[in-house]
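To start, the structure under review is shown below, and the notes come after it.
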Amino acid sequence: EEQQQIVSSLQVELEQAHLRANQLQQSDQDYQTGLEALQAELAEAKAVATQLQEREEAQHLENTSLQAQLDEVKLQLSRLEQEKEEQAQTINAANAELEEARLQMRRLHDLDEETQTASSALKTQLEEAQFQNTQLENQIQALKEDQTASSMLQTQLEEAQLQ
């Protein structure tokens, strides 16, 4: 009878161990599913960060182009002023040439304003991209911390399974 009680007790312990093993296996599956989801989110975040960096580089190139255009406009303006001074010596042609120079200066001023407006818009876009990039870096850091925590849980699970 004592042996029967020992056998019954061992059977109960064995069933409890099986239940615990099943629970651990389910927990491991849940962890794997969560880890895969986190890895997918991380990949997506990296892709977005790459896109933002490409946009930032494109905006930098556009700003450089706008600056070159502005320099060219300033150079043209300088040339026009020089021409105006030279042409002022001839009274008959001076009035017609002066009016033409004024029209060109107005066009150049309009172009300068458009360039400044575009440059301001690009700066705003760049700031927004940098803000989004910062948010993505924060999300990536959080994902890394989640992965570290998940790794610790995995280690604990493996230790529990070894026991």
Just so I know, are the side chains of [X] and [Y] near enough to count as touching, which here means a heavy-atom distance under 4.5 Å?
{"X": "His60", "Y": "Glu56", "result": "no"}
{"X": "Glu62", "Y": "Gln59", "result": "no"}
{"X": "Gln141", "Y": "Asn138", "result": "no"}
{"X": "Gln116", "Y": "Asp112", "result": "yes"}

Over all heavy atoms of both residues, which pair between Ala49 and Asn133 is shortest? Give the atoms and the distance, please. CB-OD1, 4.2 Å

Working note: Glu158 + Gln154, criterion side chain to side chain donor-acceptor pair (under 3.5 Å); need CA distance, chi angles, decisive distance, verdict. CA-CA 6 Å; Glu158 289 171 0; Gln154 178 67 29; 3.1 Å; yes

Show the numbers, then the answer: is there a side chain to side chain contact (heavy atoms under 4.5 Å, CB included) between Leu157 and Leu24? CA-CA 7 Å; Leu157 176 62; Leu24 288 174; 3.3 Å; yes

Linking Ile, Leu, Val, Met, Phe, Trp and Tyr by side-chain heavy atoms under 4.5 Å, what else ends up with [X]?
{"X": "Leu38", "value": "Leu42, Ile140, Leu143"}
{"X": "Leu35", "value": "Tyr31"}
{"X": "Val12", "value": "none"}
{"X": "Leu66", "value": "Leu122"}

Examine distances only and state if a side-chain atom of [X] and a backbone atom of [Y] form a donor-acceptor pair shorter than 3.5 Å.
{"X": "Ser9", "Y": "Gln5", "answer": "no"}
{"X": "Ser65", "Y": "Leu61", "answer": "no"}
{"X": "Ser78", "Y": "Lys74", "answer": "no"}

Can you name the side-chain contact (heavy atoms from CB on, under 4.5 Å) partners of Ser119, sequence neighbours left out? Asn63, Lys123

Do we see a donor-acceptor contact under 3.5 Å between the side chains of Glu100 and Gln104? yes

Is the closest side-chain donor-acceptor distance between His109 and Glu113 under 3.5 Å? yes

For the pair Leu70 and Leu111, evaluate side chain to side chain contact (heavy atoms under 4.5 Å, CB included) and give the outcome as yes or no after the intermediate values. CA-CA 8 Å; Leu70 181 60; Leu111 180 59; over 6 Å; no

Side chain to side chain donor-acceptor pair (under 3.5 Å) for Asn22 and Gln26? Distances and angles first, verdict last. CA-CA 6 Å; Asn22 287 339; Gln26 182 61 43; over 6 Å; no

Distance in Å, [X] [atom1] paired with [Y] [atom2], rounded so as to fall on 0.5 Å steps:
{"X": "Gln39", "Y": "Gln32", "atom1": "CD", "atom2": "CD", "result": "8.5 Å"}
{"X": "Met152", "Y": "Gln147", "atom1": "CE", "atom2": "CD", "result": "14.0 Å"}
{"X": "Gln161", "Y": "Ser27", "atom1": "CD", "atom2": "OG", "result": "9.5 Å"}
{"X": "Gln4", "Y": "Gln11", "atom1": "CD", "atom2": "CD", "result": "7.5 Å"}

Under the side chain to side chain donor-acceptor pair (under 3.5 Å) rule, what pairs show up with a residue in residues 42-54, not counting sequence neighbours? none

Crowding at CD, Gln3 (>12 non-hydrogen neighbours, <6.0 Å): no

Same cluster for Leu126 and Leu52 if Ile/Leu/Val/Met/Phe/Trp/Tyr side chains link at under 4.5 Å? no

